[in-house]
Amino acid sequence: MRTQSSVMHLDLDAFFAAVEQRDKPSLRGKPVVVGGVGGRGVVSTASYEARVYGVRSAMSTREARSRCPHAAFLSGRFHAYREASHAVMSLLRSVSPLVEPLSLDEAFVDLARAGLPDLEVPTVTAFAEELRGRVSEATRGLTASVGIGTSKFIAKVASDLDKPDGLVVVAPGTEQELLRPMKVTIIPGVGPATAERLRRAGIQTVAELESVELEELVRLVGKAHGTGLFQLARALDDRPVVAEREAKSVSVEGTYDTDLTDRRLMEGLLTRQAGEVAGRLRKHGLSGRTVTIKVRLHDFTTLSRSSTLPSPTDSAATVARLARALLADLDTSGGVRLLGVGVSGLADWVQEDLFGETEPEEELPEIEVPHHSRRTWAPGMDVVHAEMGRGWVWGAGRGVVTVRFETAETPAGPVRSYPDDDPALSAWVPPPLPDEQG
């Protein structure tokens, strides 16, 4: 643990929902839920207005609708989230070379490398305040909660203490005073099962956890987990901020403008993706044992399936064969909006078949994704009309799509309905990010 508060954790507030409210003026100040909109969907993010009604991430959409039926339930717009995340991460990297993203909406920053005159509490506090303003400017109005402390653990705890749009700096030497009254679930890795095991032993707060000997914790939850709890209960965490992580997997995925329903087309796309993944593996002298496919259904539900080989491979044919077999076990009849193939369990060697047999490499198929095989109008998606201009899908069904015409730069706009096959209405395609341009 450091002697100065020089680790910062920045977390964008209700990120997906906040982006939707920013880009849809009619939803500002109203409850918004982003995630799967179908009966089996799951909430990805809820705005703070929706959280008042008890809506939370990972809750079923069905339950969220029962708690807050007047909320706007939207499917995701990943291009908008990537754009906002790119702006924030670029800003953070401009102030310190050591930035460790955890997801699209949060990252650790090492302030010891930020060129500050010193790392005293007033200095890092002023720096963070200015940075939060720059984040809001770079994202056109999004807010971030920031925590600063002597370790990653303390910084992350601090960023949760004053949400949304808050800043908490934990002064060196006050970490245990901060932690002791808190529930043990504040500690990373203490999920429901571990919390229940500790509760049965009479341990519910960090102060109670701190009073337990290491040997007893090891007996309760195992050696590795027990040792970690013993350290974190005492605010001991010396993990560095790591800017570049060694690749743990190689993957390729694609999102499609219209839902895919043709199984042979999906198999062809997976085969092509498998070829691209294998090519990247060979380019970097790598191979892998575990093949995973990622499938996002029409209702935003995301599924993944994996298969592990006895030895590493960099063969496109092998990866493609496993990917197609994994797809065969999934029900995709409702339509698929995203497909992906990945290989993990990486190694820098390939075990040749002991009997000298290898699968022949498949020729990558020519793929043409039909643009109008099925038009899907997902709630929240960006569209453009030949006469009315830019807008977003308010709702669709029974051959009709309803659009509200507005953008982040306009006032709340009018609502119009059209036949769902109206040739004047189409999905709006965003320009590529700077690092995606070919």
Side-chain angles (χ1 to χ4, degrees), residues 1-13 92 95-96 98-102 105-135 143-191 194-195 198-199 201-214 216-217 221 225-242:
M1 194 168 68
R2 306 182 184 198
T3 58
Q4 295 173 301
S5 297
S6 60
V7 179
M8 181 175 78
H9 179 257
L10 182 142
D11 190 5
L12 293 164
D13 299 315
L92 296 182
V95 301
S96 173
L98 291 182
V99 176
E100 183 177 338
L102 302 180
D105 58 343
E106 61 176 322
F108 287 114
V109 181
D110 193 334
L111 298 183
R113 298 288 299 276
L116 300 178
D118 59 68
L119 294 172
E120 299 302 317
V121 169
T123 302
V124 297
T125 300
F127 172 82
E129 284 286 15
E130 180 192 10
L131 184 65
R132 287 169 64 244
R134 294 173 66 187
V135 166
T143 64
S145 295
V146 172
I148 300 177
T150 52
S151 68
K152 283 183 174 181
F153 173 44
I154 294 300
K156 195 167 192 319
V157 168
S159 69
D160 279 332
L161 294 180
D162 190 22
K163 279 183 165 291
D165 197 20
L167 169 61
V168 174
V169 180
V170 180
T174 67
E175 297 87 357
Q176 287 177 276
E177 178 184 348
L178 172 74
L179 293 174
R180 282 172 179 147
M182 294 183 175
K183 298 291 186 182
V184 290
T185 50
I186 197 71
I187 297 178
V190 180
T194 300
L198 294 173
R199 187 194 66 79
I203 305 167
Q204 297 188 70
T205 67
V206 176
E208 291 167 344
L209 183 65
E210 185 185 356
S211 68
V212 180
E213 296 294 332
L214 175 60
E216 177 64 11
L217 281 178
V221 298
H225 202 15
T227 301
L229 293 180
F230 183 84
Q231 296 289 326
L232 292 179
R234 291 157 178 76
L236 301 176
D237 176 22
D238 60 0
R239 293 172 299 160
V241 177
V242 181

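Since we're looking at a predicted model, the values are computed, not measured.
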- request: Show your reasoning for whether side chain to side chain contact (heavy atoms under 4.5 Å, CB included) applies to Gln4 and Val124.
  value: CA-CA 10 Å; Gln4 295 173 301; Val124 297; over 6 Å; no
- request: May I have the step-by-step check of side chain to side chain contact (heavy atoms under 4.5 Å, CB included) for Val109 and Leu10, ending in yes or no?
  value: CA-CA 8 Å; Val109 181; Leu10 182 142; 5.6 Å; no
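Atom CG of Leu167 is separated from atom CG of Leu161 by 11.0 Å, given to the nearest 0.5 angstrom. Remark: Leu119 CG to Ser5 OG distance equals 9.0 Å, nearest 0.5 Å. Here the CG-CG distance, from Leu209 to Leu232, works out to 9.0 Å after rounding to the nearest 0.5 Å. The CZ atom of Phe108 sits 8.5 Å away from the OG atom of Ser151 when rounded to the nearest 0.5 Å. Atom-to-atom distance recorded for Ser96:OG and Met8:CE is 8.5 Å, nearest 0.5 angstrom.
Nearest heavy atoms, Glu175 versus Gly173: OE1-N, 3.0 Å. Gly149 and Ile154 make their closest contact through CA-CG2, 4.0 Å (heavy atoms, listed as atom of the first residue, atom of the second, distance). Residues Val168 and Ala158 approach most closely at CB-O, 3.6 Å, considering heavy atoms. Closest heavy-atom contact between Ala235 and Met1: O-SD, 2.6 Å. Smallest separation of non-hydrogen atoms from Val121 and Pro172: CG2-CD, 4.2 Å. Of all heavy-atom pairs between Gln176 and Ala233, the closest is NE2-O, 4.5 Å.
A donor-acceptor contact shorter than 3.5 Å links the side chain of Glu100 to the backbone of Val242. Here the side chain of Thr174 pairs no donor or acceptor atom with the backbone of Val170 at under 3.5 angstrom.
Scanning for salt bridge (Lys or Arg N to Asp or Glu O under 4.0 Å) contacts around Arg132 gives Glu129, Asp165, with sequence neighbours left out. Applying the side chain to side chain donor-acceptor pair (under 3.5 Å) test to Ser145 and every residue at least two apart in sequence or in another chain returns Asp13. Not a single side chain to side chain donor-acceptor pair (under 3.5 Å) links Glu177 to another residue, sequence neighbours left out. Not counting sequence neighbours, Phe153 has no partner by the ring-ring contact (aromatic ring centres under 6.0 Å, His included) test.
Looking at Val95 and Phe127, their side chains come closer than 4.5 Å, going by heavy atoms from C-beta outward. At a threshold of 4.5 Å between non-hydrogen side-chain atoms, the residues Leu12 and Val135 count as touching. Inter-residue side-chain proximity for Leu131 and Val146 is flagged as unmet; no heavy-atom pair is nearer than 4.5 Å. A heavy-atom distance below 4.5 Å is not found between the side chains of Thr150 and Thr3. Residues Glu106 and His9 are in side-chain contact: their nearest non-hydrogen atoms beyond the backbone lie under 4.5 Å apart.
Contacts classified as side-chain hydrogen bond (donor to acceptor under 3.5 Å, both in side chains) and involving residues 226-238 (residues at least two apart or in different chains) are given here: Asp237-Arg239.
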For residues 179-189, tabulate all N or O donor-acceptor pairs below 3.5 Å that involve a side-chain atom, not counting sequence neighbours.
unit_1: Arg180; atom_1: NE; unit_2: Glu210; atom_2: OE1; d: 2.8
unit_1: Arg180; atom_1: NH2; unit_2: Glu210; atom_2: OE2; d: 3.0

